[in-house]
Amino acid sequence: MEKSIYMDYAATTPMRSEVLDAMMPYLTDEFGNPSSLYTLGRRSRGVIEEARERIAAFLGADPREIVFTSGGTEADNFAVKGTVYANEKKGNHIITTPIEHHAVLAPCHYLEKRGFDVTYLPVDEYGLVDAADVAEAITEKTVLVSVMHANNEIGTIEPIEEISKVTREKKVLLHTDAVQTFGHIPTKVDVLGVDMLSMSAHKLYGPKGVGALYVRKGTKMVPVMHGGSQEQNRRGGTHNVAGIVGFAKAVELAEKEMGAEATRLSELRDYLIAGIVERIEDVRVNGHSEKRLPNNASVCLNGAEGEAILLSLDMENISCSSGSACTSGTLDPSHVLLAIGVPAEVAHSSLRLTFGSTTTKAEINYVLEVLPPIITRLRAMSPLDASWGKKC
Ligand SMILES: *Cc1c(COP(=O)(O)O)cnc(C)c1O
């Protein structure tokens, strides 16, 4: 196959041409600072407010509840640090999970070093959190619960609606990192029952470097980005006008297409997973079979090294990812796979294929054709032993 196959949509998505077209004026002639009072600036202000309305409507929220950020990572940092610093008088206890994205885990680790207590909830073999465990973990001192909507590595969708029943009853703030679900499956904030929700444009065919945090009215927060009075004093810095316009365009398109696309991708996902299990021996499927992102297939191909699988697939023009953090330059296997009980040596053999708009059944068939011989070859030449993780 000459064409290259992109199967890493959980890492990022290609920007749609309609999105670029919508952004173009704000990268050229319409350069006014949205905080300026003259007409050119007011026009920039106007399109930001239109974008805010569109994104709020998509969430079933009020436009004033949207805070634009530089992406998912900043939204997560703001949710965690912004709320706990604002509620220090109430307590110093945070509840989260061991399978969060690093954009939530790293701020939690940072806060732990500064005297905050963090409880990492247990997750089951599929990565699911139990709402009863949340209830049990909440104390007088708890100020925040943060549980992701869906996991970026194994695709498991968490029971946020059940968890929010608990947090509402106990009057504790609930944040969800919805970067993997926003624009892909429903994320109405009142259905989920969350107080904060993180989004990132580049995971739904928008531009990189822009995102938002939904913050329910009345939520006490302090800024993490101190500066000007933008975003109702919640986030300083001149707005990324073009990025915000592109983000809203991506949301508009997602709103129209996401239902049908989720159905199409779920079928491809199930077809790929079944095909891998049928053609390759000793496969572990990671994540839940039904409570799962429509576009995520995650497997461990015991005995073959994740990074070697990746590079072999890359030679076949297939771009995908290994759950192993080797890709980010560390030796450790994925914290998510370890947390769901996958032994370290098995976790090193993980492969994540995530689909999107360009993915076709023909591409899946191609993967199913080239993957089995790659695994046979890698298993034969690279038997797993205790030292092999060092190859990262
Ligand atoms: C990609 C991702 C992020 C980070 O978003 P950026 O916009 O790239 O900073 C956070 N959480 C999850 C679950 C993600 O998949």
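Please read all numbers here as calculations on a predicted model, not as lab measurements. Just so it is clear, the values below take in all heavy atoms, side chains as well, and ignore hydrogens, waters and symmetry mates. Residues: numbered from 1 along the sequence shown. Remember, it's 1-based here, ligands and their atoms both numbered in the order they're listed.
- Cation-pi contact between Lys81 and Tyr110: present, with separation from the ring centre below 6.0 Å and deviation from the ring axis of at most 45°.
- Side-chain heavy-atom separations under 4.5 angstrom define the hydrophobic clusters, and Leu311 shares its cluster with no other residue.
- Protein residues having at least one heavy atom under 4.0 Å from any atom of ligand 1 are Gly71, Gly72, Thr73, Asp76, His101, Met148, Asn152, Asp177, Val179, Gln180, Ser200, His202, Lys203, listed by chain and number.
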Worksheet item: Are Arg216 and Asp190 close enough, and set up right, to give a salt bridge (charged side-chain N to carboxylate O under 4.0 Å, His left out), and what steps lead you there?
Response: CA-CA 10 Å; Arg216 188 175 291 279; Asp190 285 344; 3.0 Å; yes

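- A salt bridge does not link Glu169 to Lys165: none of the charged nitrogens lies less than 4.0 Å from a carboxylate oxygen.
- Applying the ring pair (Phe, Tyr, Trp, His ring centres under 6.0 Å) criterion to Tyr214, with sequence neighbours excluded, gives no partner residue.
- The ring pair (Phe, Tyr, Trp, His ring centres under 6.0 Å) search around His149 returns none, not counting sequence neighbours.
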